[in-house]
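Report on the following structure.
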Amino acid sequence: MSKTKINPEIIKWVKEKAKSDEKISDFLLDLIYEEAEHAGHWWWKETYKKKLEEYSKEWKEENEN
Amino acid sequence: MRIDKLLLKNYRQFKDLDISFLKKGENDLHVIIGKNGTGKTNILNSINWCLYGDEPHLSKESQQLPILNLNQISKIEEDEDKEVYAKLHLKTENGSCITVARKAVYRIYEGEKIPVLQKTEFEVCVPDAKGNVDIKKGEDAESFIERLVPKSIREFFFFDGERLDTYFKEATVQNIKHAIFLISQIDLLENKIEKRLKDFLSDLRKEAGKTNPNLESIRNKLEEEEENLRTHNKNEDEYQEQKTIAKKEIREIDEKLRGVPDVDALEVEKLGYKSDKKSAKNIKQEYMAKRTEALFKYGNYIMLWPALKNTIDTINEKREKKELPPPIDIRLLSGSLKEKVCELCGHDVDSKSEAQIKKLIEEIKLSPEDSKFLLDVEPLLHRIKLALSEYESDMKDLSHHIIKYEKELEEIEKKIGKIDKKLSGYKLEKVRSWHENRKIQEGQRDKYLQLIAEEKVRKMGCEEEIKKLKQEWEIGLKKEEKASKLRNDTGFCSKAHEIIKEAKEIIINEAREKIEEETQKLFFDLVWKSKTFKEINILETYDLELIHAMGYECLGSISAAERALLALSFTLALHDVSGFDSPLMIDTPVARVTDENRENLGKIFAKVGETKQIILLFTPNEYSKEISKILDMKSSSRRSCELSAGEIESSIKEL
């Protein structure tokens with residue numbers, strides 16, 4: 001698996017299942033690439049928290065709009 | 001990713017080795033041919049050692065030897081260091097060239113003969129887009145390699161062809177599932193993102209629960225129900241595994257029993273014949289006894305028959321001549337002569353009458369006693385005659401039955417003989433124990449099937465309850481005005497978690513179906529008896545089934561070569577479907593395949609070489625004309641691996 005090599009089916013189906021919810025789709029794809037870069041143990045919780053804060057905030061704003 | 005170059009220094013038989021695997025046109029297929037013991041397999045080991053620091057394919061002989069080249073050991077001065085070195089140049093899909101190098105330094109201490117490891121170094125150089133090189137060492141380097149070519153699935157890209165035969169013997173549901181999950185990166189979704197989002201969601205819920213006791217109560221119930229669901233999933237997985245173990249046992253027993261008669265069935269059949277033999281023998285003896293009895297009964301009549309017949313004839317003759325019964329009683333005639341008075345009419349007997357009476361007496365030849373005797377005995381003689389005429393047909397009938405049962409006994413003996421012949425040469429107790437074990441395993445399989453069904457029902461109940469609790473949670477959380485951010489975060493996280501779960505389920509099923517389809521296609525292209533088999537199924541449980549044309553599952557009874565082809569088809573399908581970017585290196589790829597079937601295999605290798613790098617390590621015997629006529633044309637490089645005169649060092653030569 002190269003740095004950006006992700007099974008295209010994963011990308012396809014995450015996008016398909018998230019449908020029009022782009023924020024969730026972006027959030028998940030971001031996590032997928034992040035996880036692919038970290039094969040062993042890593043401090044995932046901080047990264048997840050940061051990304052959740054970021055995408056969730058944008059998601060809320062979009063929903064409110 | 002492909003291997004551009006392999007460099008070895010002082011590694012086992014290779015003092016200095018530099019092999020480039022250059023692509024020629026569309027073909028990226030490379031062949032190395034070497035006799036056993038020349039170090040061919042150690043090329044595969046050196047790649048493993050370079051990437052992971054171990055050598056999984058070492059021969060027993062090599063296991064006893066140090067990794068440092070023997071020639072170099074003999075040249076080491078005391079306290080001098082010598083290094084073993086393996087370096088790989090890897091080219092990724094985006095064209096960047098990564099180098100992976102592992103070095104081990106050895107020293108021989110004074111008075112010692114065996115070199116002692118001093119240190120090892122592992123280094124990966126990764127260039128960035130600007131051409132700067134990032135040098136990774138130690139754990140960083142190992143972590144990088146783990147992402148590039150995970151060690152846990154290396155057996156799907158660097159493997160020994162001999163292993164192909166045992167693959168589906170050793171394969172469990174878990175390791176087939178594991179292979180598909182890792183290669184298709186489903187593992188990344190399930191064990192990383194899904195699990196971590198779940199943990200994160202649980203933390204968020206805990207935080208939200210603190211705002212309201214009702215919410216906390218719902219949360220507790222939800223967590224409890226989710227825990228129950230996990231337990232049922234775990235149980236189901238365990239039962240699936242147990243069921244597979246039972247199925248595998250059945251397959252192995254079937255393999256042992258291939259061509260071996262069903263001892264118990266034959267023994268039962270034999271017992272049946274023995275019982276038939278006993279009753280046929282009894283009936284035959286009954287008929288023989290009847291015949292003896294008849295012979296005894298009619299024996300005297302038969303012996304006396306000429307005399308008896310003569311008597312009957314005499315009686316008949318006498319009757320015909322009207323002598324029997326006698327017309328006049330001789331005693332009356334004699335009395336009349338004596339008294340000179342006729343005893344019938346009372347007239348005197350004159351001389352004329354006397355002469356007539358005398359003539360009559362002369363004509364009457366039977367005495368009254370004889371006549372009486374003959375008349376008395378006549379009915380008895382007729383009864384004997386009648387009995388003797390029945391005796392003939394009775395004896396015929398009895399003899400017919402006796403012959404019939406003798407033939408039947410002969411037939412039964414033949415059948416028993418055939419069974420004995422079938423059973424001869426087998427250790428009956430062992431065969432019987434296999435049959436018994438098979439029955440036990442069938443029972444186990446059925447038991448776990450039942451348990452799986454029960455767990456599925458329980459899971460459905462849990463899922464229903466979780467759905468209900470989640471709705472309650474949503475409603476409860478909406479009422480909490482203060483928890484607006486938490487509501488948003490949990491909603492977002494929950495939705496993301498659901499999406500990743502749904503996407504994962506689809507990818508799992510798609511991957512399984514595609515691998516099933518591709519494995520079947522490749523196998524039917526490869527196998528020489530394609531009409532023998534109907535289809536290949538990879539079930540939802542990851543059980544692999546090969547269905548015979550007659551409709552039964554036959555994985556346990558196929559030949560070693562067929563099993564090797566099936567495993568190779570499965571491996572190639574995994575690569576193809578997952579789009580996994582790695583080279584394929586196979587040692588002794590056709591070891592178990594007979595000459596006539598190698599051509600098909602050669603075609604498949606050539607086809608694989610058009611889309612990914614494939615390095616094949618053959619023995620000269622394996623590289624037979626059937627395979628060389630395909631691969632000579634399609635290979636980008638062909639090399640031979642040869643031992644030097646001293647049989648310590650090997651070299652690789654272009655062919």
Side-chain angles (χ1 to χ4, degrees), chain A, chain B residues 1 90 92-94 96 98 126 128 139-140 142-151 183-189 191-193 195-197 199-201 203-204 484-485 487-493 495-507 510-511 514 577-582:
Chain A
M1 280 172 274
S2 69
K3 205 168 177 179
T4 51
K5 183 75 181 174
I6 297 290
N7 180 354
E9 292 298 301
I10 292 180
I11 298 166
K12 180 185 133 189
W13 283 107
V14 166
K15 282 184 176 170
E16 175 72 27
K17 283 283 141 188
K19 284 180 189 150
S20 54
D21 212 331
E22 262 184 52
K23 285 295 152 219
I24 290 193
S25 166
D26 291 348
F27 168 67
L28 287 172
L29 293 178
D30 203 351
L31 289 184
I32 288 166
Y33 283 109
E34 198 68 52
E35 285 286 3
E37 281 303 298
H38 296 88
H41 291 289
W42 64 293
W43 298 103
W44 61 271
K45 218 159 195 172
E46 273 308 305
T47 311
Y48 270 58
K49 194 176 174 183
K50 216 171 114 188
K51 290 192 188 296
L52 179 75
E53 289 278 338
E54 180 193 331
Y55 285 99
S56 168
K57 195 178 160 197
E58 290 171 18
W59 190 61
K60 189 184 177 190
E61 283 164 7
E62 262 182 23
N63 284 350
E64 280 169 355
N65 289 338
Chain B
M1 185 197 83
L90 307 172
T92 63
E93 260 190 345
N94 57 23
S96 64
I98 297 165
V126 189
D128 64 16
E139 275 186 19
D140 262 2
E142 273 159 19
S143 169
F144 182 85
I145 291 301
E146 190 57 30
R147 288 199 304 277
L148 197 70
V149 271
K151 189 179 175 184
I183 290 191
S184 307
Q185 293 174 312
I186 296 164
D187 187 60
L188 189 119
L189 300 186
N191 289 327
K192 303 277 177 70
I193 300 172
K195 194 170 173 289
R196 284 167 182 173
L197 282 177
D199 289 350
F200 222 90
L201 192 56
D203 288 349
L204 286 170
S484 144
K485 187 180 175 301
R487 192 165 57 230
N488 186 61
D489 286 355
T490 1
F492 182 82
C493 196
K495 197 169 177 190
H497 181 252
E498 285 304 318
I499 287 168
I500 211 82
K501 232 168 94 177
E502 284 172 18
K504 181 198 78 180
E505 292 300 329
I506 293 172
I507 296 161
E510 272 198 345
K514 280 184 187 168
V577 172
S578 64
F580 192 79
D581 181 26
S582 80

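Note that the structure is a prediction, hence the values are computed from the model and not measured. Chain A is the first sequence line, chain B the second, and so forth, proteins listed ahead of strands; every chain is numbered from 1.
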Cut-off 4.5 Å, heavy atoms of chain A, and the answer for Leu204(B) is side chain

If one checks every heavy atom of Ile193(B) against chain A at 4.5 Å, the contacting part turns out to be both

d(Tyr48(A) OH, Phe200(B) CZ) to nearest 0.5 Å is 9.5 Å

So NZ of Lys192(B) and CG of Leu31(A): to nearest 0.5 Å the spacing works out to 12.5 Å

Could [X] and [Y] be called an ion pair, given the rule that one side-chain N must be under 4.0 Å from one carboxylate O?
| X | Y | answer |
| --- | --- | --- |
| Glu53(A) | Lys485(B) | yes |
| Lys45(A) | Asp203(B) | yes |
| Lys17(A) | Glu498(B) | no |

message = Under a plain distance cut-off of 3.5 Å, with no hydrogens placed, do Asp489(B) and Ser56(A) share a side-chain donor-acceptor pair?
response = yes

Across all chains, not counting sequence neighbours, the side chain to side chain contact (heavy atoms under 4.5 Å, CB included) partners of Asp140(B) are Lys136(B)

For Glu510(B), the side chain to side chain contact (heavy atoms under 4.5 Å, CB included) test, sequence neighbours excluded, returns Glu9(A), Lys12(A), Trp13(A), Ile506(B), Lys514(B)

### Message
Any side-chain to backbone donor/acceptor pair from Asn7(A) onto Ser184(B)? Under 3.5 Å, distance only.
### Response
yes

Practice item. Give the intermediate values and the outcome of side-chain contact (heavy atoms from CB on, under 4.5 Å) for residues Leu28(A) and Leu197(B). Key: CA-CA 10 Å; Leu28(A) 287 172; Leu197(B) 282 177; 3.8 Å; yes

Problem - Residues, nucleotides or ligands: over 12 heavy atoms within 6.0 Å of Glu54(A) CD - result: yes

Nearest heavy-atom approach of Leu52(A) to Cys493(B) is CD1-CB, 4.1 Å

Note: Lys495(B) and Asp21(A) closest approach over all heavy atoms is NZ-OD2, 2.7 Å

Geometric class of the Phe492(B)/Tyr55(A) ring pair [parallel <30°, tilted 30-60°, perpendicular >60°]
parallel

Ranking Ile145(B), Ile98(B), Ile500(B) by heavy-atom pairs under 4.5 Å to chain A gives rank one to Ile500(B)

Most heavy-atom pairs under 4.5 Å with chain B, out of Glu16(A), Lys57(A), Glu34(A), Lys49(A), belong to Lys49(A)

**OP:** Check whether any side-chain heavy atom of Ile499(B) lies under 4.5 Å from a side-chain heavy atom of Phe27(A), and answer yes or no.
**Re:** no

